[in-house]
*Asks:* 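Supplied in structure tokens, the structure appears directly below.
In the text below, chain A, chain B and the rest are named by the order of the sequence lines, each starting its count at 1.
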2 protein chains.
Amino acid sequence: MRVTERIEGLRLPRTERRQQILAAAAQAFSETGFHGTSLADVATRVGVSQPGLLHHYPNKQALILAVLGERDDEDSRYLESTFRESDPSVVDWLTALCRRNAHRPELVQLYTVTAAESLDPAHPAHEFFQTRYQRIRTVLAQRIELDQQKGRLDPALDPGGLAAELVALMDGLQLQWLMRPPVDMCALLEQSLQRLVPAGSTTSGNEVREDA
Amino acid sequence: MRVTERIEGLRLPRTERRQQILAAAAQAFSETGFHGTSLADVATRVGVSQPGLLHHYPNKQALILAVLGERDDEDSRYLESTFRESDPSVVDWLTALCRRNAHRPELVQLYTVTAAESLDPAHPAHEFFQTRYQRIRTVLAQRIELDQQKGRLDPALDPGGLAAELVALMDGLQLQWLMRPPVDMCALLEQSLQRLVPAGSTTSGNEVREDA
DNA sequence: GTCTATAAAATGATAGAC
DNA sequence: GTCTATCATTTTATAGAC
């Protein structure tokens, strides 16, 4: 019986090994953050030596930036695809996003922990998160404005302010959802979102499908 | 001209030195978190040797727990005093809390960074934050219920859920407030809170005074 | 592409003098 | 209460063999 074992020194194709490394690093960084994670820690998870790891990513900073960048790309692709197939309201869209996140605790924790750490200007992901939050707020504010024009959201609300507020709410709920006992992140978000919908308006009929 | 200089080896009373250490440690931990902060780092800020630091707190874990505990006590005293002197509505109370926090970016960052880090079960403050969040939600839920009985808050809202939601909102706004460019944390919170107040109800007339 | 060996620095903590 | 000296580890990173 042949078994695929983790053999020391096994030579793997470049891209495959790099994928392994990104996965292991995402795990490690999500648990202990940038400072709390050692390269040896990541290397062990992959089943490779520490210099073997550094062959693929020249240093720790490059590694975490690669992890964050890759997850970001993945998310961007997802968001783009949901936009293309239908025209979800902000409520439906954020609801879908939350449900998706509810299946990815490791990813959520990676962002929660790293975003907080990155407040330090010397943190390798400092600029990454500053840019990321600006971008997210801008995109969300635009979607809010569109919804207001379509009567799906109260037009009295300030789009920019509401965007920041909704991002804040999701971030904060994620933190409490990751704790023991966990709060019901998605239920709470949806309740909050419902309060923003004008009395007459019902859901858009364009709910975003879940494709976990 | 006599100048109070930082003299090496200067002997200070126990409590005074310990206060210095807690202040320096709070600064350091807020900037770089638990893992990213070294004892030598803290010791230098205090102007003491690293073993000198360890004389007052036996290890790094004891140090961060002391920092968090002290700040918590300070906050508890503040909250208690605002309760005693008046009977603020939840809206007024959270508004006051936010304005107070707006004057304490370092304290806010300490909690933002450490709470996220503490998601790791091996983190020294893991239990601390689990307990803290449960406690905060419970207290807030009780205040919400009281406000509902007094007609200050929509009675249709679920107190427990709203408590978690408001804590999440404040946490998330704090994170974005600590970033560049900062969001206007208090303005956004107050807008959000206003949407919870029944149409007829005005402010309680018991606004919490600011005593920065 | 992966390893062993190793360097160079940082870190948490202890022992003992003053 | 504070320091110097010191230790044992850990950590990031490099050099060079296979």
Side-chain angles (χ1 to χ4, degrees), chain A residues 4-25 27-29 31-67 114 117 120 122-125, chain B residues 4-25 27-29 31-68 114 117 120 122-126:
Chain A
T4 309
E5 272 175 11
R6 184 148 296 184
I7 301 153
E8 303 269 313
L10 175 62
R11 202 187 172 91
L12 249 57
R14 182 173 179 77
T15 54
E16 188 171 343
R17 184 65 91 194
R18 285 174 67 103
Q19 278 307 110
Q20 284 186 341
I21 291 174
L22 287 185
Q27 261 200 309
F29 285 134
E31 287 170 15
T32 44
F34 178 73
H35 295 298
T37 301
S38 72
L39 293 173
D41 182 354
V42 177
T44 303
R45 294 185 197 234
V46 180
V48 81
S49 73
Q50 184 253 23
L53 172 64
L54 283 178
H55 170 73
H56 294 280
Y57 295 94
N59 52 51
K60 206 178 164 187
Q61 165 156 351
L63 181 57
I64 195 172
L65 289 180
V67 169
T114 318
E117 258 190 332
D120 178 12
H123 191 281
Chain B
T4 308
E5 273 176 9
R6 184 148 294 186
I7 299 152
E8 303 272 312
L10 175 62
R11 203 186 171 91
L12 247 58
R14 182 174 178 75
T15 55
E16 188 171 341
R17 185 63 93 192
R18 286 172 67 102
Q19 278 307 112
Q20 284 186 341
I21 290 173
L22 287 185
Q27 261 201 308
F29 286 134
E31 288 170 13
T32 44
F34 178 73
H35 295 298
T37 301
S38 72
L39 293 174
D41 182 355
V42 177
T44 303
R45 292 184 198 234
V46 179
V48 81
S49 73
Q50 184 253 24
L53 172 63
L54 284 177
H55 171 73
H56 294 279
Y57 295 93
N59 53 50
K60 205 178 164 187
Q61 165 157 350
L63 181 58
I64 195 171
L65 288 180
V67 168
L68 292 172
T114 319
E117 257 190 330
D120 178 12
H123 191 282
H126 183 70

*Asks:* Checking A/Gln27 side chain against A/Val42 main chain: does a donor-acceptor pair fall under 3.5 Å?
*Replies:*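 Pair absent, no side-chain N/O of A/Gln27 close to backbone of A/Val42.
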*Asks:* Treating primed atoms plus P, OP1 and OP2 as sugar-phosphate and everything else as base, which nucleotides of nucleotides 11-17 of chain C get B, S or - for protein heavy atoms under 4.0 Å?
*Replies:* SBBB---
*Asks:* Starting at CZ of A/Arg14 and ending at P of C/dG1, how long is that distance when rounded to a whole Å?
*Replies:*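 Taking CZ of A/Arg14 and P of C/dG1, I get 5 Å after rounding.
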*Asks:* Would you indicate, yes or no, if C/dC18 has its OP1 or OP2 atom less than 4.0 angstrom from a side-chain nitrogen or oxygen of B/Arg11?
*Replies:*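 Checking C/dC18 against B/Arg11, no side-chain N or O comes under 4.0 Å of OP1 or OP2.
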*Asks:* Looking at residues at least two apart in the chain, or sitting in another chain, which of them share a salt bridge (Lys or Arg N to Asp or Glu O under 4.0 Å) with B/Asp41?
*Replies:* B/Arg45
*Asks:* Return the set of residues passing side-chain hydrogen bond (donor to acceptor under 3.5 Å, both in side chains) with A/Ser49 (not counting sequence neighbours), or none when no residue passes.
*Replies:*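 Checked A/Ser49 against side-chain hydrogen bond (donor to acceptor under 3.5 Å, both in side chains); zero matches.
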*Asks:* Over how many whole Å does the gap from A/Leu12 atom CG to C/dT2 atom P extend?
*Replies:* 6 Å
*Asks:* Could you work out, with side-chain hydrogen bond (donor to acceptor under 3.5 Å, both in side chains) as the rule, every residue matching B/Gln19, not counting sequence neighbours?
*Replies:*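 Only B/Glu70 meet the side-chain hydrogen bond (donor to acceptor under 3.5 Å, both in side chains) criterion with B/Gln19.
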*Asks:* Restricting to side-chain hydrogen bond (donor to acceptor under 3.5 Å, both in side chains), what partner residues turn up for A/Thr32, sequence neighbours left out?
*Replies:*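 With neighbours one apart ignored, the set is A/Thr37.
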*Asks:* State, to the nearest 10°, the angle formed by the axis through the first five base pairs of the helix from C/dG1-D/dC18 to C/dC18-D/dG1 and the axis through its last five.
*Replies:*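 That helix has its two terminal axes inclined by roughly 10°.
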*Asks:* Check side-chain contact (heavy atoms from CB on, under 4.5 Å) between B/Ala23 and all other residues, then give those that pass, not counting sequence neighbours.
*Replies:*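 B/Ala23 satisfies side-chain contact (heavy atoms from CB on, under 4.5 Å) with no other residue.
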*Asks:* Tell me: CG of B/Leu10 to C1' of D/dG1, nearest whole Å?
*Replies:*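 Distance check: B/Leu10 CG to D/dG1 C1' gives 10 Å.
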*Asks:* Counting only side-chain nitrogens and oxygens, does B/His55 get under 4.0 Å of the OP1 or OP2 atom of D/dG1?
*Replies:*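 True: B/His55 side-chain N/O within range (under 4.0 Å) of D/dG1 OP1/OP2.
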*Asks:* Among all residues two or more places apart in sequence or in another chain, which pass the side-chain contact (heavy atoms from CB on, under 4.5 Å) test with A/Leu39?
*Replies:*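 side-chain contact (heavy atoms from CB on, under 4.5 Å) list for A/Leu39, sorted by chain: A/Gln50, A/Leu53, A/Leu54, A/Lys60, A/Leu63.
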*Asks:* Taking side-chain hydrogen bond (donor to acceptor under 3.5 Å, both in side chains) as the definition, give me every residue that meets it alongside A/His55, ordered by chain and number, with sequence neighbours left out.
*Replies:* none
